[in-house]
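First up is the structure itself, then whatever we jot down about it.
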Amino acid sequence: MKTLTVALGDRSYPIHIGQNLLAQAELLRKHIRGRQVLVVTNETVAPLYLQRVLDVLNGFEVSSVVLPDGEQYKHLDTLNLVYTALLERRFNRGCTLIALGGGVVGDITGFAAASYQRGVAFLQVPTTLLAQVDSSVGGKTGVNHALGKNMIGAFHQPGCVVIDTDTLDTLDDRQLSAGLAEVIKYGLIRDAEFFQWLEQHMAALRDRDKPALSDAIEHSCRIKAEIVAADEREGGVRALLNLGHTFGHAIETGTGYGNWLHGEAVGAGMVMAADLSARHGWISRAEVERAAALIRAAGLPVAPPPEMSRQQFLDLMAVDKKASDSGLRLVLLQAIGKAVVTADFRPELLGSTLDPAAA
Ligand SMILES: NC(=O)c1ccc[n+]([C@@H]2O[C@H](COP(=O)([O-])OP(=O)(O)OC[C@H]3O[C@@H](n4cnc5c(N)ncnc54)[C@H](O)[C@@H]3O)[C@@H](O)[C@H]2O)c1
Ligand SMILES: [Zn+2]
């Protein structure tokens, strides 16, 4: 087992990464506050792993809630199911929630914990690659609104993150690829060496080679933990983690939540960000191709859905929270391994990226 730390003063917490960690009772138990524990999961993950988590919680007053599965359920009504479970079972302010599942369960559970009785403890047990390398770390929680992705939420850090890499055995290939999008993102924004390592190991990762996967997870969590520790509330460097996401969120909302997976939308979105960077002359066409080749090798789309128009993109991107008072801000590349957040891009070049046929 490897343990990393997200260094946030008295809210610091460990990320444990290894095989068969669900069986190691103490990893979760020692971070539980109070006696009451609610495990939040969904209908797909519950039959696979819920009992194993319940098994290590004996002695606590434990119950569980099983949510419907899918990004299309990441909204206020589903969140309300968690509040209802907490209230019906008379959970008090000293309780602990445990998120068992992918990023959707993690984001909903985290927001329930941030808001229930003005804030209770929660722990993350991520079971998708995407959640293990990204969403379980850093304390961003929330739900979608029909008009915009992740528009309702809060910052609320977990008490620990337990990554049992064996849970990936049951994940399908499409979801594995979606997780690889966020892994590639770390290489693109700040680690050219890691990007190169990914080029060399992409086949092994897609073959689910355990050592390669666990190296990729550890490296990704290390980068995420560093960035979060430096800028918890996204005043600066943390915004780089949104590479490809303003485009990607527009794709997710525009095509209807759940049709394009988050990671797929981010894959295409990162290529769009690279393309726009090249149109400004900040990176070469060869670098765009190199980024696209790795994203394609991960099994991800490298172009937006043809049915989305330039105007639809612009409308949806304006809603995205990276649009500040000063206008739309985008994460763009200055090299493979170096990204910047900027409002200083040429709108006509953005138009060409969104609609290359018309350009
Ligand atoms: N909070 C953050 O910082 C952050 C960062 C990145 C992404 N996100 C959010 O995360 C979400 C995407 O997360 P995701 O990709 O994990 O999607 P997800 O939670 O929908 O999980 C993907 C699918 O895999 C299933 N699943 C989960 N674990 C499994 C397992 N071990 N075996 C078999 N099936 C399993 C799920 O039930 C679901 O059908 C998006 O809503 C995105 O906005 C949040
Ligand atoms: Zn993401």
Side-chain angles (χ1 to χ4, degrees), residues 6 22 40-50 52-53 66-75 78 99-111 114 122 124-144 148-158 161 163-186 189 208 220-221 224-225 227-228 232 234 238-249 251-253 257-267 269-270 300 320-321 331:
V6 184
L22 289 185
V40 183
T41 187
N42 73 23
E43 59 202 5
T44 303
V45 178
L48 296 169
Y49 303 111
L50 177 57
R52 297 182 49 195
V53 171
V66 177
L67 305 176
D69 180 10
E71 182 75 34
Q72 65 275 31
Y73 295 107
K74 186 180 163 184
H75 54 42
T78 309
L100 172 68
V104 170
V105 165
D107 281 11
I108 294 175
T109 308
F111 188 47
F122 91 113
Q124 286 275 17
V125 184
T127 61
T128 62
L129 180 62
L130 187 139
Q132 295 182 351
V133 299
D134 193 351
S135 63
S136 65
V137 174
K140 276 196 186 178
T141 73
V143 295
N144 301 330
K149 169 89 183 156
N150 292 342
M151 281 296 130
I152 301 154
F155 284 101
H156 190 55
Q157 299 293 342
V161 182
I163 299 175
D164 184 338
T165 54
D166 288 340
T167 59
L168 299 179
D169 292 348
T170 53
L171 197 67
D172 66 37
D173 288 341
R174 187 178 172 199
Q175 297 291 350
L176 193 82
S177 289
L180 289 170
E182 308 279 15
V183 177
I184 293 169
K185 174 184 83 180
Y186 295 117
I189 62 173
R208 297 162 187 261
S220 299
C221 284
K224 177 104 190 231
I227 291 178
V228 169
E232 185 184 7
E234 201 170 302
R238 186 166 180 172
L240 298 180
L241 293 171
N242 297 319
L243 175 70
H245 280 62
T246 302
F247 297 108
H249 287 165
I251 294 172
E252 286 186 83
T253 309
Y257 297 125
N259 290 311
W260 276 56
L261 300 181
H262 176 72
E264 292 170 341
V266 169
M270 290 191 296
L300 294 162
D320 200 78
K321 55 188 179 298
V331 185

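Atoms within each ligand, like the ligands themselves, are counted from 1 in listed order. On a predicted model such as this, the values are computed, not experimentally measured, just so you know.
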Is any side-chain heavy atom of I189 closer than 4.5 Å to a side-chain heavy atom of I227? yes
So which residues, sorted by chain and number, lie with a heavy atom under 4.0 Å of ligand 1? N42, T44, V45, L48, Y49, D69, E71, K74, G102, G103, V104, D107, T127, T128, L130, D134, S135, K140, K149, N150, T167, T170, L171, Q175, E182, K224, H262
Please walk me through it: do E182 and K224 pass salt bridge (charged side-chain N to carboxylate O under 4.0 Å, His left out)? CA-CA 10 Å; E182 308 279 15; K224 177 104 190 231; over 6 Å; no
Salt bridge present between K140 and D134 (N-O < 4.0 angstrom): no
To the nearest 0.5 Å, how far apart are CD in E71 and NZ in K149? 3.5 Å
Given R238, which partner from the list L240, N242, L241 fulfils the side-chain contact (heavy atoms from CB on, under 4.5 Å) test? L241
Tally of protein N/O/S atoms under 2.8 Å from the Zn ion (ligand 2)? 3
Do the ring planes of H249 and H262 sit parallel (below 30°), tilted (30 to 60°) or perpendicular (above 60°)? tilted
I108 CD1 to T141 OG1 distance, which is reported to the nearest 0.5 Å: 10.5 Å
Less than 4.5 Å apart, any side-chain heavy atom of K74 and any of N150? yes
Can you find a pair of side-chain heavy atoms, one from V45 and one from V105, that are under 4.5 Å apart? no
